[in-house]
Amino acid sequence: MKPIRDVGIIGYGAYVPRYRLPASEIVRVWKGGDGDTPITEKAVPGPDEDAATIAIEAARNALSRAGIPPARIGAVWVGSESHPYAVKPTSTIVAEAIGATPETQAGDWEFACKAGTEAMQAAFGFVASGMAAYALIVGADTAQGRPGDELEYTASAGGAAYIIGLADESLARLEGSYSYVTDTPDFFRRPGQEYPTHGSRFTGDPAYFRHVLAAARGLMEQLGTKPSDYRMAVFHQPNVKFPERAAKTLGFTDEQIRTGLLADVIGNTYAGSSLLGLTAMLDVAQPGDRLLLVSFGSGAGSDAMSFVVTDKIAERRDRAPFTQDYIRRRKVIDYGLYVRYRGKLKMH
Amino acid sequence: MAIPQNWRLQNQRYRLTGEVCNTCGAKLFPPRDVCPECAKPAYEPFQFAGKGEVYSFTVLSEALAGYEAYEPYPVALVKLQEGPLVTAQLTDVDPQDVHIGMPVEMVTRKLTEEGEDGLIVYGYKFRPVLKPAVNG
Ligand SMILES: [Zn+2]
């Protein structure tokens, strides 16, 4: 899919919280110290952080890079599965905090880990149609796993924001996007339930790989591109193994996915996952580089997008912290402090 | 705090919007409509950059009601680049690492939650500057 008018990314911003829980801590508490871990450590939000505060900082970084007045943003769309309120939009909090209110569209998006890329695709259309000069999209989560569950190793916090505008102002121009969606119950959470349910057997081949591979192949077929045309690629990263296997199956090299593969050191940031991989790639990309992003959301579906970096990247990327600046800012906590920060203890 | 009062405070609390005095140029935070320097009316909104340094601080180990989740936490008087002094909680920093003159920047965080079924109140806090080079 491609809008009739050319659009792209005019600003981007990352955010990763300061705290890290090593997977070895979960093994220590739940497995007596023995066992393999899917990642090294994950990012944990501080007690005063949630999807809204993560979205706000990522959005401010995107705004700094875009260099536009916030009042010209015509849509603020936040994708998350950990919106702070069950009823009350996160997007209005973000819009107010960055100064985009009151003349703007706002809404929250949900599609498990691909809520952010879903919003991004809609923003391409919204801007291309002329309904807004600019649109802000965010993917941000503070994901939770049931204590002791395998998800607890990886469920983490972080987010990324993008300001979408017309191609001639873009630091990365959209070449096209492609979505692949089926009704697949691999992972879900019913209303009022604190923790999600996942079918372990369902998360690999019929869910993640089926959708990620089909979306990537569909996009490249539509554009006439092949893996070697891409300088870098990011695939949704619930762990390290899945995106590595998806890349290999499609014919991408380790070198191509290294920059965007952050799960080992920050975990699975859910709606932030593939979008944070893209901020990490944009932090180092050169004009002319072609970048591939493939998200995955349980339920299930994938959005694949192809971008070409423009010469505007050089002047804009230094206007906000890099993804790696946040990853380097790191304080390790133990399981006890983690339980306190994440509100896993009921005090009353 | 009542819901309407929170709503009126949002611009100053979410993003450090104050006022500037059109007579003498003084920057006001919080906004108070009268210039503390020259006593002339000052209504012009002014967006602070959110950068400053710790002017003085204390560490609270017995928190006020609603702030227990954060204790012990440092509260500082922050001198903003533009002049005013602001009282705010410091975040993303260990209390023993706070020092006078520490460069800080504004972030928007959860201030408190009014119970499990009440409002989540967001507002400014300050943290150590993440990346000194990025001040443009
Ligand atoms: Zn004055």
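Just so we're on the same page: letters track the sequence lines, and every chain starts at 1.
Between the side chains of Arg18(A) and Thr91(B), not a single donor N or O lies within less than 3.5 Å of an accepting N or O.
In this structure, the side chains of Asp92(B) and Tyr19(A) come closer than 4.5 Å at one or more pairs of heavy atoms. For the pair Glu49(A)/Arg109(B), a side-chain contact is recorded, criterion being any heavy-atom separation below 4.5 Å from C-beta on. Between Tyr14(B) and Ile56(A) there is no side-chain heavy-atom pair separated by less than 4.5 Å. A 4.5 Å side-chain heavy-atom check between Asp48(A) and Tyr122(B) finds every atom pair outside the cut-off.
Neither the backbone nor the side chain of Ile54(A) has a heavy atom closer than 4.5 Å to any heavy atom of chain B. With a 4.5 angstrom heavy-atom cutoff, Glu57(A) touches chain B only via side-chain atoms. If you measure heavy-atom distances from Ile120(B) to chain A, the contacts under 4.5 Å come from both the backbone and the side chain. For Tyr341(A), no part lies under 4.5 angstrom from a heavy atom of chain B. Looking at Arg328(A), there are no atoms closer than 4.5 Å to chain B (heavy atoms on both sides), in backbone or side chain. Using a 4.5 Å cut-off between heavy atoms, Lys331(A) contacts chain B through its side chain alone, with no backbone atom that close.
By the 6.0 Å contact criterion, OH on Tyr195(A) is enclosed, its count of non-hydrogen atoms from other residues, nucleotides or ligands being greater than 12. Remark: Gln96(B) CD is packed, more than 12 non-hydrogen atoms of other residues, nucleotides or ligands lying under 6.0 Å away.
Taking NZ of Lys131(B) as the start and CG of Asn61(A) as the end, the distance is 10.0 Å to the nearest 0.5 Å. One distance of note links CG of Leu130(B) with CZ of Phe322(A); it measures 12.0 Å at 0.5 Å rounding.
Distance alone, capped at 3.5 Å, is enough to place a donor-acceptor pair between the Arg15(B) side chain and the Glu96(A) backbone.
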